[in-house]
Undergrad: 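Dropping the structure in here first, questions after.
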Amino acid sequence: MIESLDVHSLVSETLVERFDDFDADSSDPGTGLAGSLTTEDQRRIPFYALLFLIVALMLRPWDFVPLLASMKPITLMILGMLGLCAISRVRLEFFRTPLSKCLFAFWLILMATSLTSYLKGESLVFSIKYVQMLLLYGFLGTLVCSLASLSALTTTLVGIGGTLGLYAIYSQLTSNLDVGGRVKGLGTGFLGDPNDLSQVLVALLPLAWLIVYHGRQVLLRLLSAASALVMLMGIVITESRGGLLALIGSLAVLFVLTPAATGKKVAIIAFVVLSTVAAIPAETWQRYASISEAAQSDDSAQTRLRLWKTGGRMFVDHMLIGTGVNTFATVYGKHYKESGGVGGNKWYTAHNSLIQIAVEAGILGAITWTLFAFSPLWLLYRARSRVYALQLNDPDEDRVWQHSAVRAWCECMLASMTGLLIGCMFLSRAAEVPIVLFVGVAAAGYLVTNQWSEETEAVLGF
């Protein structure tokens, strides 16, 4: 009986029905997040607006057009998103999204610590603006609620990665370098530093890999392959040693989880490594080769180690209430900087997201941030295991492809999160856009993947 069913058609139809007619009072964690009156058509316009918002947040066009910057573009876009959701009758179900309570608790801690902050005004303003990150997370969980929307979001992120990679190459060719002689990141925001740019490129690269090997449109696969190539070149051009370590960690996750034959995986990894080595200029290779001895001979590494050690002392001194968000540099410079030690204001930052938030938000902030940032690894692995257990013995190529593509998305997103989190250990970006964006994508994908698994299990009689 089961063998004669068209599983692909039944699952697709059931998914549409469940997302269109979902009971808003259901407590099933695998269900969609929209209200019972919300249809796929109602979500369509807000979803495309969300894609536009993500592109704008990552590429930051207002950094190049002063008039746009003066208009508070992020605030306007967030308000516009809220307006579109209201007009379309799409309810923002923030607390139905996995890890939303962690993010909300983290925000409350930031607000509370701003009252005792060393810079009360700056910390309070930052904490209030952080509501935008809560809304971004809510938009992702509410609007990315089907395989089609998850696919469109993934494709958009790969396009962003290709654009960032091209910008890094352009900066190198035009000698648009920072004071250290390395390529400048995009604009003046969180991607303005080459290390931040490298971290984001590493996190986006596995998603391009996903489309190259599991995409069904030839043109899209070719464009994704080109994006992957320029992303890899961009990572090399930034000369970020933290980015290189993140890339190695990300590739290791793909190597371990991908069910392809070992020989094929070795060949692919070898091609990537050899291509990367061949593209690395001599001076960049020397910088990368210094990783093993950086702690003994490199000023940059020694400075980071000194800051991490001092950060631990700062955390002990302010364990309960922290120093206030965005105050690490001020507190370090005024109260902890050694005579003749770390120089330059940029070196006052923690250069480690966990140390940064532990110092600024205290032990509760460190716990909630860690749960929020690292839990997607467990969620994605669980979702991947559930999909992997569904061994579809069916000759229909469409069904086989859908099964492998959903599983591969979990694997590639695991690799993305691994690369992002390794990069976070060398950067002070605990409360910036990338961590909220990628965790939000992972959480939304977890819901969609579980929904697909649930419906497939029901059809197959598991």
Undergrad: Can you confirm whether L207 sits close enough to M413 that some side-chain heavy atom of one is under 4.5 Å from a side-chain heavy atom of the other?
TA: yes
Undergrad: Determine whether the aromatic ring centres of residues W369 and F372 are separated by less than 6.0 angstrom.
TA: no
Undergrad: Contact between L153 and I54 at the side-chain level, heavy atoms closer than 4.5 Å - yes or no?
TA: yes
Undergrad: Between R382 and N450, does any side-chain donor sit less than 3.5 Å from a side-chain acceptor?
TA: no
Undergrad: Would you call the rings of Y332 and F328 parallel, tilted or perpendicular if under 30° counts as parallel and over 60° as perpendicular?
TA: parallel
Undergrad: Under 3.5 Å, is there a donor-acceptor pair between the Y118 and H335 side chains?
TA: no
Undergrad: Between T327 and T330, does the side chain to side chain donor-acceptor pair (under 3.5 Å) criterion hold? Intermediate values first, please.
TA: CA-CA 5 Å; T327 62; T330 299; over 6 Å; no
Undergrad: Does L354 form a side chain to side chain contact (heavy atoms under 4.5 Å, CB included) with T370? I'd like the steps, not just the answer.
TA: CA-CA 7 Å; L354 183 56; T370 301; 3.3 Å; yes
Undergrad: Take the angle between the ring planes of W107 and F104 and call it parallel below 30°, perpendicular above 60°, tilted in between.
TA: tilted
Undergrad: State, with a plain yes or no, whether a side-chain heavy atom of L223 is found less than 4.5 Å away from one of I211.
TA: no
Undergrad: Report yes if the side chains of S404 and H214 come closer than 4.5 Å at any heavy-atom pair, otherwise no.
TA: yes
Undergrad: Just wondering, do L143 and M81 contact through their side chains at under 4.5 Å, heavy atoms?
TA: yes
Undergrad: Taking the six-membered ring of Y388, is NZ or CZ of R384 closer than 6.0 Å to its centre and within 45° of its axis?
TA: yes
Undergrad: Is the closest side-chain heavy-atom distance between M231 and L164 below 4.5 Å?
TA: no
Undergrad: Roughly how far, to the nearest 0.5 Å, is CD1 of I422 from OG of S250?
TA: 8.0 Å
Undergrad: Applying side-chain hydrogen bond (donor to acceptor under 3.5 Å, both in side chains), can you list everything that pairs with S453, at least two apart in sequence or on another chain?
TA: none
Undergrad: Walk me through whether V439 and L420 qualify under side chain to side chain contact (heavy atoms under 4.5 Å, CB included).
TA: CA-CA 10 Å; V439 173; L420 182 77; 5.7 Å; no
Undergrad: Kindly indicate whether the side chain of L57, heavy atoms from C-beta on, has any atom under 4.5 Å from the side chain of L136.
TA: yes
Undergrad: Would you call R96 and L447 a side-chain contact if the rule is heavy atoms closer than 4.5 Å?
TA: no
Undergrad: Sort and list the pairs that fulfil salt bridge (Lys or Arg N to Asp or Glu O under 4.0 Å) and have at least one residue in residues 412-435, not counting sequence neighbours.
TA: D196-R429, R429-E432
Undergrad: Run the side chain to side chain contact (heavy atoms under 4.5 Å, CB included) test on W409 and V448 for me, step by step, so that the C-alpha distance in whole Å, both residues' side-chain angles and the decisive distance to 0.1 Å come before the verdict.
TA: CA-CA 11 Å; W409 187 91; V448 172; over 6 Å; no
Undergrad: Hey, what's the ring geometry for F94 with Y137, parallel, tilted or perpendicular (30° and 60° as the breaks)?
TA: perpendicular
